[in-house]
Structures are given as structure tokens and as C-alpha cells.
Undergrad: 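Take a look at this one; I'll ask things after.
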2 protein chains.
Amino acid sequence: MRTRIVEESMKQFDKNGFTGTSIVDITQALDVTKGTFYYYFDSKEKLLMEIHLMYIKNLLEKQQVILQQPMNATKKLEAIVELLLHSILSDGLSGRVFFREMRHLKNNNEQTIITYRKKFRQNIEKVLLQGMANGEIKKGHVKIVALGILGVTNWSYQWFDENGDVSIEELTTIFVNMILTGIKE
Amino acid sequence: MRTRIVEESMKQFDKNGFTGTSIVDITQALDVTKGTFYYYFDSKEKLLMEIHLMYIKNLLEKQQVILQQPMNATKKLEAIVELLLHSILSDGLSGRVFFREMRHLKNNNEQTIITYRKKFRQNIEKVLLQGMANGEIKKGHVKIVALGILGVTNWSYQWFDENGDVSIEELTTIFVNMILTGIKE
């Protein structure tokens with residue numbers, strides 16, 4: 001039931017926004033009582049927090065696996081871009097809710113999530129630094145470059161359509177090439 | 001007064017979301033009556049539509065000026081990236097409201113805005129095609145490359161801080177280089 005509440009609420013948050021979705025909207029869609037909701041979550045805010053935590057912790061775990069592999073910096077960056085883009089298929093909904101609704105978290109919770117997100121970006125920065133140190137990656141402002149990479153991937157959550165022009169595999173190839181070697185001939 | 005209503009509502013939409021902001025919230029903050037609001041706007045939705053239209057039409061006009069200049073494709077792309085990033089300072093608020101709240105527009109209005117946004121992206125695609133034709137830009141999937149460029153710029157609306165690590169000028173230089181030549185040494 002916990003999972004069903006999370007899934008239904010993500011759908012409704014994605015469609016009607018966090019403030020536009022009430023606990024009753026969620027319980028009615030699932031045909032359960034409000035008591036059932038409160039058995040699992042103290043509030044709508046707690047539920048939103050859970051969605052955000054699931055999303056970012058899952059990404060961080062998968063990123064950690066990549067970081068520990070015996071690959072050079074370029075390959076690690078490629079794998080991180082691939083991870084973020086492939087997550088659109090499995091976690092597109094929670095990703096969109098995450099990006100749009102984060103400002104609805106109360107201060108403490110927002111700080112927790114910001115810390116996790118920062119960790120993900122800082123891991124990218126570490127790989128960039130490693131790549132700069134061994135001559136794979138151009139020297140530059142690691143934080144801004146990391147944010148540029150995250151722009152390419154995170155924006156895709158807004159527009160990517162599974163039934164659209166390209167597959168996630170094609171998208172990954174195009175964006176990895178673009179990030180690594182640019183668009184100039 | 002019209003402008004004041006637009007500005008106050010953008011602030012509140014940015015902070016509390018579209019559904020989390022009522023017309024009373026806006027009129028109370030401005031110390032005017034609800035009648036004043038309805039004199040200018042039929043509904044909150046009309047107001048949101050106005051914010052979106054102002055934002056995208058302004059960008060399209062400025063993009064048109066760039067397109068008509070006697071520059072090669074690379075320079076035009078640079079100018080468009082510069083336009084989008086510099087707009088964070090003047091239109092950061094409306095940009096963020098635009099990206100987050102677009103789903104609250106009713107069907108017709110949403111289609112109008114989507115058409116304008118598509119026009120902006122298609123203009124980038126035309127420049128890319130021109131650049132591919134004359135050997136400036138690597139041959140590739142113009143739509144996806146355009147969406148990659150827009151990812152770098154649009155994502156900046158979410159995180160850029162005027163008092164942060166870099167100025168908009170520095171950001172523009174870093175991102176233009178990244179888009180054109182990539183991060184690989």
C-alpha cells in the first residue's frame with residue numbers, strides 16, 4: 001500500500017502539482033480511507049519528502065557503483081550521463097516531481113535533499129578534477145561544468161518522450177558526444 | 001497597476017506555486033481590491049498566460065534580431081546562448097514560473113505557448129542546419145542538439161545565483177565553450 005500511495009501521489013503531483021493535490025484526491029483514486037494514508041505518512045509533506053529521498057538516494061547509490069569501477073574519468077562521466085538519462089524511463093515521474101515541487105519542502109527537509117543533490121554534483125566534480133589532473137578533461141570551473149552536464153541531462157526529464165524521435169540509447173550517445181567533444185566541426 | 005500585478009504574482013508563483021497562490025494573496029500584498037485584479041485579468045489563468053507570453057515573445061523578438069545579423073552559424077548560436085543566460089538576470093523569475101507552472105495552462109493556452117517555445121527551438125535548429133551545411137557544425141540530430149543546448153541554458157534558471165561563484169558573463173563563456181568544443185582535452 002505504501003508503494004501504491006507513493007506511485008499514485010507522484011502521478012497526481014506531476015499532473016496537478018503538489019498544492020493542487022489533496023490527500024483526499026490520492027485516497028479516492030486508490031479507493032482507501034484517509035486513515036490508510038495517515039497510517040503510512042504523517043502528512044503530504046512527508047510523502048513528498050519520501051518521493052524525493054527515494055529518487056536521489058537511488059541515483060547516489062548507482063553513481064557510487066560507477067565511481068568505484070576501474071575506469072578513467074571520461075568513461076565515468078559517460079556512465080553518469082547514461083545513468084541520469086536512463087533513469088528517465090524508470091524514474092521520470094519522480095524526477096519531474098522532484099524538480100518542480102522541491103520548494104514545497106519545509107526548511108529541514110529541503111536542506112536534507114539539497115545536501116544529497118549537492119553530493120551527486122560534487123561526485124561529478126571529483127571525476128572532472130580527476131580527469132583534469134590526468135589530462136583527459138580540459139581545465140576549467142568544475143562546479144559550473146558539472147552544472148552544465150546536469151543541465152543537459154535534467155532538462156531531458158521535461159521533454160523526453162518514449163514514443164518520440166529518438167530512443168534513450170540514441171539520446172545518450174548524442175549527449176555524451178556533445179558534452180565530450182562539442183558541436184563545432 | 002497591470003505591471004505591478006504581474007510582478008507581484010510572479011514573486012508569489014515562484015515562492016508558493018500557481019495553485020498555492022490565490023488572487024487574494026496577490027491583491028492583499030498590493031493592498032488593492034479584488035475588483036482591481038479583475039479589471040485587468042479575467043482569471044488567475046489569464047494572468048499566468050500573460051506572464052508566459054511576455055517571457056517567450058520577448059525572447060523570440062531578441063532571437064529574431066540575432067538571426068538577422070550578418071554572422072556565421074557559430075556566432076549566432078553563441079549569441080542565442082548569451083541571450084538565454086543574460087535573461088536570467090532580467091527575467092529569471094518569469095523564466096522559473098514559466099518552466100514550473102506551464103502545466104497549469106488550459107489546453108488552448110498551453111498549445112499557444114508550446115507553439116512559441118517550439119518556434120524558439122526551431123530557430124536554433126535552423127542555425128544548426130546552416131552551420132552543418134557550411135561545415136561549421138558537426139552533422140547530427142538538430143532537434144536533440146538544440147534541446148541539449150536549451151538544457152544547459154534553461155537549467156541555469158534553476159540554480160544561478162547572482163551572488164554566487166561566477167558572473168553571467170563568466171557563465172556564458174564557460175557554457176559557450178562547453179557547447180562548442182566539449183570538455184574533453
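Just the heavy atoms: all of them, side chains too, but no hydrogens, waters or symmetry mates, feed the values below. Chain identifiers are assigned alphabetically (A, B, ...) following the order of the sequence lines, protein sequences preceding nucleic acid strands; residue numbering begins at 1 within each chain.
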Undergrad: Let me know if V152(B) has heavy atoms under 4.5 Å from chain A in its side chain, its backbone, both or neither.
TA: both
Undergrad: What heavy-atom pair brings K139(A) and E185(B) nearest, and what distance separates the two atoms?
TA: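 Shortest heavy-atom contact: N-OE1, 4.4 Å.
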Undergrad: Using non-hydrogen atoms only, which part of K15(B) is less than 4.5 Å away from chain A: side chain, backbone, both, or neither?
TA: backbone
Undergrad: Do you know which of G164(B), G131(B), G17(B) has the most heavy-atom pairs under 4.5 Å to chain A?
TA: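 The answer is G17(B).
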Undergrad: Where on L77(A) is there a heavy atom nearer than 4.5 Å to chain B: the side chain, the backbone, both, or neither?
TA: side chain
Undergrad: Do you know which two heavy atoms are closest between D165(A) and H141(B), and how far apart they sit?
TA: CB-NE2, 3.9 Å
Undergrad: For D161(A), does the CG atom have more than 12 heavy-atom neighbours from other residues, nucleotides or ligands under 6.0 Å away?
TA: yes
Undergrad: I'd like to verify something: which residue of N154(A), L147(A), I174(A), I179(A) has the highest number of heavy-atom pairs under 4.5 Å with chain B?
TA: L147(A)
Undergrad: Side chain, backbone, both or neither: which part of I149(B) has an atom under 4.5 Å from a heavy atom of chain A?
TA: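 It is both, since atoms from each part get that close.
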Undergrad: Determine whether T181(A) and K138(B) satisfy the following criterion, side-chain contact (heavy atoms from CB on, under 4.5 Å), listing intermediate values before the conclusion.
TA: CA-CA 10 Å; T181(A) 64; K138(B) 285 177 197 152; 2.9 Å; yes
Undergrad: Output the option from R96(B), M178(B), E170(B) having the highest count of non-hydrogen pairs under 4.5 Å with chain A.
TA: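 The candidate making the most pairs under 4.5 Å is M178(B).
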Undergrad: Quick one: what part of I183(B) sits under 4.5 Å from any heavy atom of chain A, side chain, backbone, both or neither?
TA: both
Undergrad: When you look at OH of Y116(B), are more than 12 heavy atoms from neighbouring residues, nucleotides or ligands closer to it than 6.0 Å?
TA: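 Result for OH/Y116(B): open.
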Undergrad: Using non-hydrogen atoms only, which part of R121(B) is less than 4.5 Å away from chain A: side chain, backbone, both, or neither?
TA: neither
Undergrad: Other residues, nucleotides and ligands only: do more than 12 of their heavy atoms fall within 6.0 Å of NZ on K44(B)?
TA: yes
Undergrad: What residue, out of N177(A), N16(A), T153(A), has the most heavy-atom pairs lying under 4.5 Å from chain B?
TA: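 Most heavy-atom pairs under 4.5 Å with chain B: N16(A).
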Undergrad: To check you understand the geometry: which heavy-atom pair defines the closest contact between F175(B) and I144(A), and what is its length?
TA: CE2-O, 3.3 Å
